[in-house]
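This report concerns only the one structure given below.
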Protein chains: 2
Amino acid sequence: MTNDPTAGGGDQRPRRRQARGERRMAEILDAAAGVFASAGYEAATTNAIAAAAGISPGSLYQFYPNKQAIAQALADRFVAQLRATRQAAFDGVDFTRLRLAEVLDRVVDPIVAFNIANPGFKALFARPDMPADLTEATQPIQHALHAAVEELIAARAPDLPAAQRRRTTQVSMRIVQAITPLAVAATGAERAATVVELKKVLFGYLEPVIGDAPTAPASRAPARARTRPTSDE
Amino acid sequence: MTNDPTAGGGDQRPRRRQARGERRMAEILDAAAGVFASAGYEAATTNAIAAAAGISPGSLYQFYPNKQAIAQALADRFVAQLRATRQAAFDGVDFTRLRLAEVLDRVVDPIVAFNIANPGFKALFARPDMPADLTEATQPIQHALHAAVEELIAARAPDLPAAQRRRTTQVSMRIVQAITPLAVAATGAERAATVVELKKVLFGYLEPVIGDAPTAPASRAPARARTRPTSDE
DNA sequence: CGAAGATACGAGCACTTGCTCGTATTTGCA
DNA sequence: TGCAAATACGAGCAAGTGCTCGTATCTTCG
């Protein structure tokens, strides 16, 4: 996604890579994820990333022109994984035929799992200490997630005014963003209990709005909510 | 609070200040609050703070020995205000005799108002890009808040297991921390609507735990919850 | 008044950061 | 095998940071 040789008209030819080089680039991203996760974007030094990857600073700059390009490539990698996660959770599922508790299970669990599997993700995306253009890279997927959630709410509560629906969506996403780190930081039973709390919060907030019971009969043909295509990507 | 001449046995005598100097120190903190708010702790430069305060870097260091001391003094100032806010909201109030909706009004509104009145606060306390000892400065007040909330929950739900009570407290506070910035960023009706959403979230989460109705009869003598002294400060 | 100390200045020091450059080694391919 | 390109190195540069220092002015108070 980042090193497409045909992309970027303004750039010089993006240099032929050997298989070894491709591997190095992935290793660098792995190292960068760890360094970003534990230090944040600003505090993470390129020398530290190079050291973590087991190479010299000069070698690092053979593959990425600057620090931001590293973060960008890492962000692209995260975005791709998150997109896949989102698709697995949302696409092809008719949320009008599930109980709210089931909906929450299907949506929350993959998100938590993703954050556990990718420790650097939150550090890179949720921290406020990064250049604006880096934050922009995350916006497509943020928007896609927001749209998916808002669509879910619209399907179950078609009469909710648009402004209120937007607020409900925004608040719900903030809740997930706020509580997920708690679950990630915990382990074992405490982590599971935290996830349960997260779902309780969402249930208590959303139940009055979109109801607990399915809004569509279980034996009907697929409702429109699943066939409406997502607008981005 | 920071420059108590009798405190800090290991330090040299902390220099006699003229009234002018005291004013300068306050001006420096005002300037620092703005710079920290817009740039974050790491990105904020001492030269920028000095410039914002209208003085030279050298003059700045006549009053604060280093950058962290500035942040520390600013944090102390915020903590004092937040403590006053918390006392006004919690002390002398018997939360067992109020409906949950009233409890939320009494607790949430001052917190939101405080965050609106002190834009630098969140920048200094909620950002992850600061030294650990700086974060520690915020812990007394964080703990006091946590204790106050946990006590509130304990008063209304005495049978809740301690571990669950702690989780409920932690999650509730995270929710406030996550949604409050949304309210601060909004204005007018949208801000009010966001605060309403925040209270809805808390109500939906807490109502199954601590109930909506008062847990103590309205005509009794003051219950224990208000007389138990707070342990810190 | 006059001296001690508080306040003020701003060039610049010591250090760190992202990044470069000259050079050496390895790989792919004819 | 030979050679061009890719990979690798690491000392060190330019810029930016927190902070210092020598010096000058202003306040306080005997």
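Every chain is numbered from 1 and lettered A, B, ... according to where its sequence line falls, protein lines coming before strand lines. Values below: every heavy atom of this structure, side chains too, minus hydrogens, waters and symmetry copies.
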*Taking for each residue the nucleotide of DNA chain D with the nearest heavy atom, is it B/Gln62 or B/Ala19 whose nucleotide lies nearer the 5' end?*
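Checking each residue's closest nucleotide, the 5'-ward one belongs to B/Gln62.
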*Quick one: is the NZ or CZ of A/Lys122 closer than 6.0 Å to the six-membered ring centre of A/Phe36, and within 45° of its axis?*
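No, A/Lys122 and A/Phe36 do not form such a contact.
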Short side-chain N/O contact to [N] OP1/OP2 from [X], under 4.0 Å:
| X | N | value |
| --- | --- | --- |
| A/Arg17 | D/dT7 | yes |
| B/Arg24 | C/dA8 | yes |
| B/Tyr61 | D/dC19 | yes |
| A/Ser59 | D/dC9 | yes |
| B/Ser56 | C/dG10 | no |

*In plain terms, say whether B/Asp91 and B/Arg83 are close enough for a salt bridge, that is, a side-chain N and a carboxylate O under 4.0 Å apart.*
no
*Give the minimum heavy-atom separation between B/Ala69 and B/Pro65, together with the two atoms involved.*
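What the structure gives for the nearest pair is CB-CD, 3.6 Å.
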Quick one: [X] [atom1] to [N] [atom2], roughly how many Å, whole number?
| X | N | atom1 | atom2 | value |
| --- | --- | --- | --- | --- |
| B/Met25 | C/dT7 | CE | C1' | 13 Å |
| B/Glu27 | C/dT7 | CD | C1' | 13 Å |
| A/Ile28 | D/dA6 | CD1 | P | 16 Å |
| A/Tyr64 | C/dG18 | OH | P | 17 Å |
| A/Lys67 | D/dA15 | NZ | C1' | 15 Å |
| A/Leu60 | C/dT17 | CG | P | 15 Å |
| B/Asn47 | C/dG12 | CG | P | 15 Å |

Check every atom of [options] against the side chain of [X] and return the nucleotide holding the closest atom.
| X | options | result |
| --- | --- | --- |
| B/Ile55 | D/dC19, C/dC9, D/dA11 | C/dC9 |
| B/Thr46 | D/dG18, C/dA8, D/dC9 | D/dG18 |
| A/Phe63 | C/dT7, D/dA6, D/dA8 | D/dA8 |
| A/Gln18 | C/dT27, C/dT17, C/dA8 | C/dT27 |
| B/Arg20 | D/dC19, C/dC19, C/dT7 | C/dT7 |

At under 4.0 Å between heavy atoms, what does [X] touch on the DNA or RNA strands: base, sugar-phosphate, or nothing?
| X | answer |
| --- | --- |
| A/Ala44 | sugar-phosphate |
| A/Asn66 | sugar-phosphate |
| B/Gly21 | sugar-phosphate |

_Testing the 3.5 Å rule here: is there a donor-acceptor pair between the side chains of B/Arg167 and B/Gln164?_
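B/Gln164 and B/Arg167 do have a side-chain donor-acceptor pair below 3.5 Å.
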*Show your reasoning for whether ring pair (Phe, Tyr, Trp, His ring centres under 6.0 Å) applies to B/Tyr205 and A/Phe203.*
CA-CA 8 Å; B/Tyr205 178 52; A/Phe203 188 92; over 10 Å; no
*So A/Phe121 and A/Phe78, would you call those rings parallel, tilted or perpendicular, with 30° and 60° as cut-offs?*
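Perpendicular.
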